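Following: one structure in structure tokens, then a few remarks.
In this text, all values refer to a predicted model and were calculated from it rather than measured experimentally.
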2 protein chains.
Amino acid sequence: MVDYHPKDSEYLNKLQDYYADWKSIPSYAKLCEVFGITSKSWVKAILDRLCAAGFLERTPDSVWVPTRLFFARPLAESSVQAGMPMVVTATQGDFFIIDDMLIDTPSKTILIPIKGESMIDAGIHDGDVAVVEKRMTANIGDIVVAIVDNEFTLKTLDKESGHFILRPANPVFAVIRPQGTLEIFGILVGLIRKYRR
Amino acid sequence: MVDYHPKDSEYLNKLQDYYADWKSIPSYAKLCEVFGITSKSWVKAILDRLCAAGFLERTPDSVWVPTRLFFARPLAESSVQAGMPMVVTATQGDFFIIDDMLIDTPSKTILIPIKGESMIDAGIHDGDVAVVEKRMTANIGDIVVAIVDNEFTLKTLDKESGHFILRPANPVFAVIRPQGTLEIFGILVGLIRKYRR
DNA sequence: TTTTATACAGAACGAACGTTCTTAGAACTA
DNA sequence: TAGTTCTAAGAACGTTCGTTCTGTATAAAA
């Protein structure tokens with residue numbers, strides 16, 4: 001946290017939670033509720049500081065908008081040992097923007113929901129979401145999205161006696177040996193899983 | 001396009017362009033400029049129709065907000081045939097969709113890198129990043145982050161003859177049977193994996 | 001031709017807005 | 001003890017907001 005006032009990170013948290021719900025930054029009056037204060041002028045002072053700290057900015061129409069920094073998430077160091085881990089995470093550690101981490105080239109990246117268990121030994125489960133970068137070439141060993149019989153299929157690219165093959169990560173499924181050319185749609189660059197709560 | 005009035009898609013495009021620039025929907029007066037008209041009442045009529053068509057919605061504070069449909073893109077590009085499974089483009093105008101998918105309450109969510117293979121049968125690998133929601137209670141069957149010997153550990157919460165235990169998803173590792181109380185740090189709500197490229 | 005619907009323009013209105021200024025208690029300093 | 005920040009509260013103010021109602025030009029329909 002780069003801002004100076006001790007309670008500002010608390011205010012920022014509340015603002016982030018509100019934004020996660022409504023995807024907009026409300027009026028000063030509403031922000032009084034969100035922050036738990038009753039002074040519009042103090043709300044402005046808080047926003048001005050968060051702006052100076054780089055979490056917010058304003059459009060030419062003087063509308064408040066979050067910056068990239070606004071979406072950064074704390075990343076714990078797993079090797080925390082001394083003291084309370086919770087204290088450590090609250091004060092130090094890195095910050096990460098999840099989308100930046102997984103997506104290099106937005107225009108070439110798409111998300112594809114995964115169906116079936118054919119890659120389960122690679123830790124890719126039914127219901128996971130694949131982050132795929134579109135491109136037509138891949139290397140041996142890459143997990144690729146190929147188009148077989150008009151359907152996406154996610155398999156490991158391999159080569160067998162001069163021919164490309166698609167190898168599943170599940171002994172129950174058969175290796176795919178395409179006749180003719182193999183159409184690569186993209187390669188797997190990330191994986192997302194969401195647990196029900 | 002599901003809306004009825006012929007020029008609405010043109011208005012929608014202008015609105016999408018504005019949003020791409022400023023990441024906010026401006027006032028009716030400003031929208032007059034954006035749309036190239038001079039009537040606030042007509043702006044409202046347009047927004048109402050875009051709302052009915054599902055491109056916009058309003059927060060409880062009656063602030064206009066774009067919906068997912070607002071960001072949807074035609075997926076005609078690339079030589080993909082009909083019958084494609086549903087695909088989400090990752091570039092929602094540089095917006096943060098993955099973040100949005102995984103995180104409900106930013107202030108309670110923390111990312112923890114995973115070390116070791118103790119949960120490999122659950123498809124959780126060394127080097128993955130766990131998305132953890134901080135809370136002190138969990139249900140049987142939840143994958144939890146517990147604090148054991150001042151270290152984070154990720155295990156499935158279970159109960160054995162009246163006592164809580166932490167069950168790994170790897171036969172090589174032993175079940176953890178904490179003596180005394182078990183301190184829960186949070187529960188696993190998501191998983192992120194990044195493949196080297 | 002007359003009527004009717006469409007696609008906007010324009011004015012009016014009170015409510016809500018953001019900004020600024022003043023006030024005030026609490027905490028810290030000297 | 002007296003002074004001084006700091007953190008808010010609160011009022012005041014002119015501006016802008018969204019809404020509603022009415023007016024109007026064009027075009028299609030009758």
Side-chain angles (χ1 to χ4, degrees), chain A residues 1-19 21-67 69-70 90-91, chain B residues 1-67 69-70 107:
Chain A
M1 185 75 57
V2 231
D3 50 352
Y4 329 105
H5 294 72
K7 293 187 73 178
D8 278 358
S9 42
E10 175 192 330
Y11 292 139
L12 177 61
N13 281 338
K14 288 176 175 173
L15 186 56
Q16 285 167 331
D17 288 349
Y18 183 93
Y19 195 93
D21 280 347
W22 306 115
K23 281 160 197 42
S24 74
I25 294 175
S27 70
Y28 287 11
K30 183 72 189 182
L31 283 174
C32 285
E33 284 183 42
V34 174
F35 290 156
I37 58 183
T38 62
S39 160
K40 284 199 290 179
S41 56
W42 193 238
V43 166
K44 178 171 159 50
I46 293 168
L47 294 193
D48 281 339
R49 291 198 305 267
L50 291 180
C51 181
F55 293 100
L56 295 174
E57 59 185 5
R58 309 189 76 162
T59 71
D61 307 312
S62 81
V63 174
W64 290 105
V65 207
T67 63
L69 192 55
F70 186 87
T91 55
Chain B
M1 184 72 60
V2 231
D3 49 354
Y4 332 103
H5 297 255
K7 294 189 71 178
D8 278 358
S9 42
E10 175 192 329
Y11 291 138
L12 177 61
N13 282 337
K14 288 177 174 173
L15 185 56
Q16 285 168 330
D17 289 347
Y18 182 94
Y19 195 94
D21 282 347
W22 306 116
K23 291 178 178 39
S24 74
I25 293 175
S27 71
Y28 286 12
K30 183 74 188 179
L31 283 174
C32 285
E33 284 183 42
V34 174
F35 290 157
I37 58 182
T38 62
S39 160
K40 286 200 290 179
S41 57
W42 193 238
V43 167
K44 178 171 159 51
I46 294 169
L47 294 194
D48 281 340
R49 290 199 305 269
L50 291 180
C51 181
F55 293 98
L56 295 174
E57 59 184 4
R58 311 190 75 165
T59 71
D61 308 312
S62 81
V63 174
W64 289 104
V65 185
T67 63
L69 193 56
F70 184 88
S107 64

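The distance from atom CG of A:Asp61 to atom C1' of C:dT19 is 17 Å, rounded to the nearest whole Å. The interatomic distance linking B:Arg49 (CZ) with C:dT6 (C1') rounds to 10 Å, in whole Å. The interatomic distance linking B:Ile46 (CD1) with D:dT19 (P) rounds to 14 Å, in whole Å. Taking atom CG on A:Leu56 and atom P on C:dG18, their separation rounds to 14 Å, with Å as the unit. Between B:Leu31 atom CG and D:dT16 atom P the separation is 16 Å, expressed in whole Å. Atom CD1 of A:Ile37 and atom C1' of D:dC6 are 14 Å apart (whole Å).
Residue B:Lys30 places none of its side-chain N or O atoms closer than 4.0 Å to OP1 or OP2 of D:dT16. A sub-4.0 Å separation between OP1 or OP2 of D:dT16 and a side-chain N or O of B:Ser27 is absent.
Across all strands shown, B:Ala29 has heavy atoms under 4.0 Å from sugar-phosphate atoms exclusively, and none from any base.
Taking each heavy atom of B:Asp8 and B:Leu50 in turn, the nearest pair found is O-CD2, 4.2 Å.
Distances from the side chain of A:Tyr11 to the nucleotides D:dG18, C:dC8, D:dA8 place D:dA8 closest.
Of the possible donor and acceptor atoms, none in the side chain of B:Ser107 sits under 3.5 Å from a partner among the backbone N and O of A:Asp17.
Annotation: the span from A:Asp21 atom CG to B:Thr59 atom OG1 amounts to 11.0 Å, rounded to 0.5 Å. Atoms OG and CD, on A:Ser27 and A:Glu33 in that order, are 8.5 Å from each other to the nearest 0.5 Å.
Note: A:Tyr11 and A:Phe35 have tilted aromatic rings, judged against thresholds of 30 and 60 degrees for the angle between ring planes.
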Return the polar atom pairs (N/O with N/O) between nucleotides 10-12 of chain C and the protein under 3.5 Å, or none.
residue	atom	partner	partner atom	Å
C:dG10	OP2	B:Thr38	OG1	3.2
C:dG10	O6	B:Ser41	OG	2.8

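Within the 4.5 Å cutoff, the side chain of A:Ile46 has no heavy atoms near those of the A:Leu15 side chain.
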